[in-house]
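Written out below as structure tokens is the structure these notes cover.
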Amino acid sequence: MRPPDTRTREFSSSRVLPPEFFSRPAVELAPELLGVLLVRQTDSGITSGRIVETEAYPGPEDPASHAALRIGRTRRNDPLFGPPGTAYVHCNYGVHWCFNVVAARSGKPEGVLVRAVEPVAGIDLMRERRGREELTNGPGRLGQAFALGPDLNGHPLDRPPIWLEEGDPVPTHDRVSTTRIGIRRAAERPWRWYDGRSKWVSRR
DNA sequence: ATACCGATGGACT
DNA sequence: GTCCATCGGTATA
């Protein structure tokens, strides 16, 4: 029996990021999300983690976006068109649930994919859900460790059962910018960011 | 009805 | 490092 996780906290509105924080282009928001705390509450308990890796998918002009011009608005990508500061959760390869933060403004389908977090609270619960030690270094792993699914689509990120809190900011010189991972189209654009100090980044 | 394609992860060398 | 199964969403018929 290990000691209780002392960093587990109840929801507190004083720490959440306000909707205005997300009202900017995805390419600007993505690096600012590094260091932010992602908190998830379910009947099983609370899990939280510090965001260490993000990717921007800035709308219709981006051929890699789920809302690229050639695709348009569909039932799948509809949450991306919603208000900033809400969730877009999509399924990848039919098995992995990936979490995005909606950016910009309503009607503009911009989003930031959260690719990795550093586990902070509820680590045993993450282990239970994952069944292995690689907990949150990758969008699919993170989705499973935090029990993220399509039920969270459109959910505002300033209240339970999932919210974002201000964290220790990542110094500018530790924000590493690279190309996005796992895409074919527009693969050369430098729209991935990670915390260069973190061991929880999915890949260098 | 059904074919196709992944914003990946896990098993393996 | 390499290989490939995975199945939900979408488009097409």
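Residue numbers start from 1 in every chain, and the chains themselves are labelled A, B, ... in the order their sequence lines are given, proteins ahead of strands.
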Taking donor-acceptor contacts at under 3.5 Å, does the side chain of A:His96 reach the base of B:dA7?
no
Sugar-phosphate, base or nothing in reach of A:Arg130, heavy atoms under 4.0 Å:
sugar-phosphate
A:Tyr93 on top of C:dA5's base, within under 5.5 Å and under 30°?
no
Rounded to whole Å, OH of A:Tyr57 lies from C1' of B:dG6 at a distance of 11 Å
From CZ of A:Arg73 over to C1' of C:dG9, roughly how many Å is that when rounded to an integer?
17 Å
Is any NZ, NE, NH1 or NH2 atom of the basic residue among A:Asp78 and A:Arg75 found under 4.0 Å from an Asp or Glu carboxylate oxygen of the other?
no
Could you check which nucleotide pairs with C:dT12 in any of the strands shown, counting Watson-Crick or G-U wobble with both distances under 3.5 Å?
B:dA1
Between B:dG9, B:dG10, B:dA7, spot the one nearest the side chain of A:Pro139, thanks.
B:dG9
Would you tell me if any nitrogen or oxygen in the side chain of A:Arg132 comes within less than 4.0 Å of OP1 or OP2 on B:dA11?
yes
Is there a side-chain contact between A:His90 and the phosphate of C:dG8, meaning an N or O under 4.0 Å from OP1 or OP2?
no
Is it the case that over 12 heavy atoms from other parts of the model lie below 6.0 angstrom from the CZ atom of A:Arg197?
yes
Listed nucleotide nearest any side-chain atom of A:Trp97, set C:dG8, B:dA11, B:dT8:
C:dG8
Ion pair A:Arg15/A:Glu166, N-O distance below 4.0 Å:
no
Whether A:Arg185 contacts B:dA7 is assessed here as follows: a side-chain N or O lying under 4.0 Å from the phosphate OP1 or OP2. Is that the case?
no
Tell me the interatomic distance from A:Asn92, atom CG, to C:dG9, atom P, rounded to whole angstroms.
12 Å
Of all the choices, B:dG10, C:dG8, B:dA7, which nucleotide is nearest to the side chain of A:Glu134 once you look at every atom?
B:dG10
Separation of B:dC4 P from A:Arg184 CZ (nearest whole Å)
15 Å
Could you state the atom-to-atom distance from CZ of A:Arg203 to P of C:dT2 in whole Å?
11 Å
Establish, with yes or no, whether the OP1 or OP2 oxygen of B:dT8 is under 4.0 angstrom from a side-chain nitrogen or oxygen of A:Arg141.
no
Report the distance from atom CZ of A:Arg192 to atom C1' of B:dA7, rounded to the nearest whole Å.
12 Å
If you count the non-hydrogen atoms of other residues, nucleotides and ligands that lie under 6.0 Å from CZ in A:Arg105, is the total more than 12?
no
Return the 5'-most residue of the pair A:Val112, A:Gln144 with respect to DNA chain B, ranking by each residue's nearest nucleotide.
A:Val112
What is the nucleic acid contact for A:Asn77, judged by heavy atoms within less than 4.0 Å: base, sugar-phosphate only, or nothing?
sugar-phosphate
Ion pair check, A:Arg50 and A:Asp195, cut-off under 4.0 Å
yes
Taken to the nearest whole Å, CG/A:Leu33 to C1'/B:dA7 is 16 Å
Less than 4.0 Å between a side-chain N and a carboxylate O, is that true for A:Asp62 and A:Arg180?
yes
Expressed as a whole number of angstroms, how long is the span from A:Ile183:CD1 to B:dT8:C1'?
14 Å
Between A:Gly94 and A:Thr74, just flag the one whose closest nucleotide in DNA chain C comes earlier from the 5' side.
A:Gly94
